[in-house]
Amino acid sequence: MGYFVDHRTKKIHHSQFAGDSCGFLQTPIEQREFTDKMEYVESLAEKEYEHCPHCQTAQSTVG
């Protein structure tokens, strides 16, 4: 599984489920990082980063 790390808000997103409600659109590209290294993600989570509550599962779209 891939992860998207937002270094501006210090949130860890699941790349597959990240969407508009995650709020990363305001983060500049240079402060975004994509990784598939679970050990790296968990080391960030142990420090000051948190998993985004919006992208733990697929988001539905209303339209």
Side-chain angles (χ1 to χ4, degrees):
M1 174 176 290
Y3 295 92
F4 159 48
V5 181
D6 183 334
H7 292 289
R8 182 181 67 87
T9 62
K10 298 190 184 304
K11 298 250 194 238
I12 301 166
H13 304 275
H14 286 274
S15 297
Q16 183 179 2
F17 303 130
D20 291 345
S21 61
C22 297
F24 60 80
L25 296 176
Q26 295 79 19
T27 300
I29 298 292
E30 58 273 1
Q31 291 183 312
R32 301 178 188 184
E33 178 181 10
F34 294 89
T35 185
D36 60 356
K37 297 179 181 169
M38 182 66 166
E39 302 83 21
Y40 173 61
V41 167
E42 290 307 316
S43 72
L44 290 175
E46 289 174 4
K47 296 176 185 173
E48 55 194 64
Y49 287 71
E50 64 181 345
H51 289 275
C52 174
H54 300 288
C55 60
Q56 299 304 304
T57 59
Q59 298 181 32
S60 62
T61 56
V62 178

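When a residue number appears, it is its place in the shown sequence, counting from 1.
- Between Val41 and His51 the shortest side-chain heavy-atom distance falls below 4.5 Å.
- With a 6.0 Å radius and a threshold of 12 heavy atoms from other residues, nucleotides or ligands, Gln16 has its CD atom at or below the threshold.
- To the nearest 0.5 Å, atoms NE2 (His54) and CG (Asp20) are separated by 11.5 Å.
- Taking the six-membered ring for Trp and thresholds of 30 and 60 degrees, His7 and Tyr49 have ring planes more than 60 degrees apart, a perpendicular arrangement.
- Counting heavy atoms from C-beta on, the side chains of Arg8 and Pro28 come closer than 4.5 Å.
- Note that CE of Met38 and OH of Tyr3 are 3.5 Å apart. Values are rounded to the nearest 0.5 Å.
- A donor-acceptor pair under 3.5 Å is absent between the side-chain atoms of Arg32 and the main chain of Phe4, judged by distance alone.
- With rounding to the nearest 0.5 Å, the separation of NE2 in His13 from CZ in Phe24 is 6.5 Å.
- Between Lys10 and Glu50 there is no salt bridge, since no side-chain N of the basic residue sits under 4.0 Å from a carboxylate O of the acidic one.
- Hydrophobic clustering, with ILVMFWY side chains joined whenever heavy atoms are under 4.5 angstrom apart, keeps Phe17 apart from Leu25.
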